[in-house]
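Fair warning: this is a prediction, and the values are worked out from it, not measured in the lab. Values below: all heavy atoms of this structure, side chains included; hydrogens, waters and symmetry mates excluded.
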Amino acid sequence: MGLQEMFESYDKRKRKSHFKNLLAVAMADGKMENIEFDFIMHLANKSYMSEEEVRRVIEHPDLIAFVPPKTHRERFDQIYDLVTVMLVDGDINQRELTLCKTFAMRLGFRTQIIDDMIKSVIASVIKGIAAEVAIKEFANMLQD
């Protein structure tokens, strides 16, 4: 972690960590498509991150530490974003899928639910279901 990052807020470090993960998924197949970069920039704008900040994450990913979110909702939102990045180019690459599962484990999801969760998110994204609805549907799946 660089000196600047030591003095950043938890939220800013968490956002950078998330964008590092998003970029890793986008690059897992060896290339970042324009549509993947555009979607990541859309998420960055929603998260109040500038293009310059995203480019710094791209140029120096080794300076960004993994910062897990504190709430279950934030963890699910991150998985939803990661899966959406995997799907946005129209191709589900096995390395991207494996990376999404790895990030789900790092985010603290139980190993037993990860495959079903990822499948549920994939179905939700393909159907255009918003993250708010998808999280409710997934929570209902866990209760069954």
Side-chain angles (χ1 to χ4, degrees), residues 1-126 128-139 141-142:
M1 178 186 303
L3 185 60
Q4 178 181 355
E5 284 77 18
M6 287 177 56
F7 297 104
E8 288 179 337
S9 71
Y10 165 79
D11 284 336
K12 189 165 191 166
R13 288 183 290 120
K14 179 181 66 175
R15 278 193 306 270
K16 284 184 173 183
S17 172
H18 182 47
F19 280 87
K20 175 183 176 180
N21 296 343
L22 291 169
L23 292 161
V25 170
M27 291 296 299
D29 62 358
K31 61 193 177 311
M32 185 180 324
E33 302 289 340
N34 287 340
I35 194 167
E36 291 169 319
F37 183 77
D38 291 346
F39 181 72
I40 289 170
M41 289 311 303
H42 166 74
L43 293 175
N45 289 332
K46 282 177 48 176
S47 299
Y48 306 104
M49 279 185 73
S50 68
E51 184 171 342
E52 180 183 324
E53 288 175 302
V54 174
R55 291 205 182 274
R56 274 189 260 140
V57 173
I58 292 169
E59 293 167 5
H60 305 287
D62 51 316
L63 297 178
I64 310 297
F66 177 70
V67 178
K70 294 179 181 176
T71 69
H72 182 72
R73 174 55 196 257
E74 289 175 320
R75 293 184 303 140
F76 186 83
D77 285 342
Q78 285 196 10
I79 287 298
Y80 191 91
D81 290 349
L82 289 161
V83 171
T84 303
V85 167
M86 175 182 68
L87 296 172
V88 78
D89 65 357
D91 179 40
I92 298 178
N93 178 282
Q94 186 59 44
R95 283 176 276 174
E96 292 172 329
L97 181 60
T98 299
L99 199 51
C100 284
K101 291 178 181 182
T102 299
F103 286 134
M105 284 187 274
R106 289 186 74 193
L107 288 167
F109 289 101
R110 292 188 326 269
T111 306
Q112 304 90 319
I113 69 162
I114 289 174
D115 284 338
D116 288 339
M117 179 179 63
I118 300 273
K119 287 177 190 172
S120 175
V121 173
I122 289 170
S124 294
V125 171
I126 289 172
I129 297 172
E132 293 78 29
V133 176
I135 193 170
K136 288 178 185 172
E137 289 179 1
F138 186 71
M141 281 177 48
L142 292 177

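Atom CG of Asp38 has more than 12 heavy atoms from other residues, nucleotides or ligands within 6.0 Å. Sparse packing is recorded around OH of Tyr48, with 12 or fewer heavy atoms of other residues, nucleotides or ligands lying under 6.0 Å away.
Listed for the Ser120 side chain is no donor-acceptor partner under 3.5 Å among the backbone atoms of Asp116. Side-chain N or O atoms of Glu59 include none that pairs as donor or acceptor with a backbone N or O of Arg56 at under 3.5 Å.
Of all heavy-atom pairs spanning Gln78 and Pro69, the tightest one is NE2-CG, 3.5 Å. A pairwise comparison of heavy atoms in Asp77 and Ala131 identifies OD1-CB, 4.1 Å as the closest pair. For the pair Asp29 and Asp89, the tightest heavy-atom approach, listed with the atom from each and the gap, is OD2-OD2, 3.8 Å. Considering all non-hydrogen atoms of both residues, Asp81 and Phe39 come closest at O-CE2, 4.3 Å. Nearest heavy-atom pair across Phe37 and Ile58 is CE1-CD1, 3.9 Å. The two residues Glu96 and Ala28 have their closest heavy-atom pair at CG-CB, 3.7 Å.
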Practice item. Assess whether side chain to side chain contact (heavy atoms under 4.5 Å, CB included) is satisfied between Arg95 and Thr98, documenting all intermediate values. Key: CA-CA 5 Å; Arg95 283 176 276 174; Thr98 299; 5.7 Å; no

Practice item. Would you please test Phe76 and Val121 for side chain to side chain contact (heavy atoms under 4.5 Å, CB included) and show each step? Key: CA-CA 9 Å; Phe76 186 83; Val121 173; 3.7 Å; yes

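Summarising the geometry, atom CE belonging to Met41 is positioned 10.0 Å from atom CG belonging to Leu43; distances are rounded to the nearest 0.5 Å. Separating the CZ atom in Arg110 from the CE atom in Met117 is a distance of 10.0 Å, to the nearest 0.5 Å. Rounded to the nearest 0.5 Å, atoms CZ (Arg73) and CD1 (Ile135) are 4.5 Å apart. The distance from the CE atom of Met49 to the CZ atom of Phe19 is 5.5 Å, given to the nearest 0.5 Å. To the nearest 0.5 angstrom, Lys12 atom NZ is 15.5 Å from Tyr10 atom OH. Distance check: Glu53 CD to Ser47 OG gives 10.5 Å after rounding to the nearest 0.5 Å.
Using modelled atom types, one finds no donor on one side chain facing an acceptor on the other under 3.5 Å when comparing Arg15 with His18.
Val133 has its side chain out of reach of Ser124: every pair of non-hydrogen atoms, C-beta onward, lies at least 4.5 Å apart. Taking 4.5 Å as the limit, some side-chain heavy atom of Leu107 sits within range of a side-chain heavy atom of Phe66.
Applying the side-chain hydrogen bond (donor to acceptor under 3.5 Å, both in side chains) criterion to Thr102, with sequence neighbours excluded, gives no partner residue.
A salt bridge is defined here as a Lys NZ or Arg NE, NH1 or NH2 lying under 4.0 Å from an Asp or Glu carboxylate O, and Lys14 with Glu8 fails to meet this definition. In this structure, Arg55 pairs ionically with Glu51, as a charged nitrogen and a carboxylate oxygen lie closer than 4.0 Å.
A side chain to side chain contact (heavy atoms under 4.5 Å, CB included) with Leu82 is found for exactly one of Ile79, Val85, Thr84, namely Ile79.
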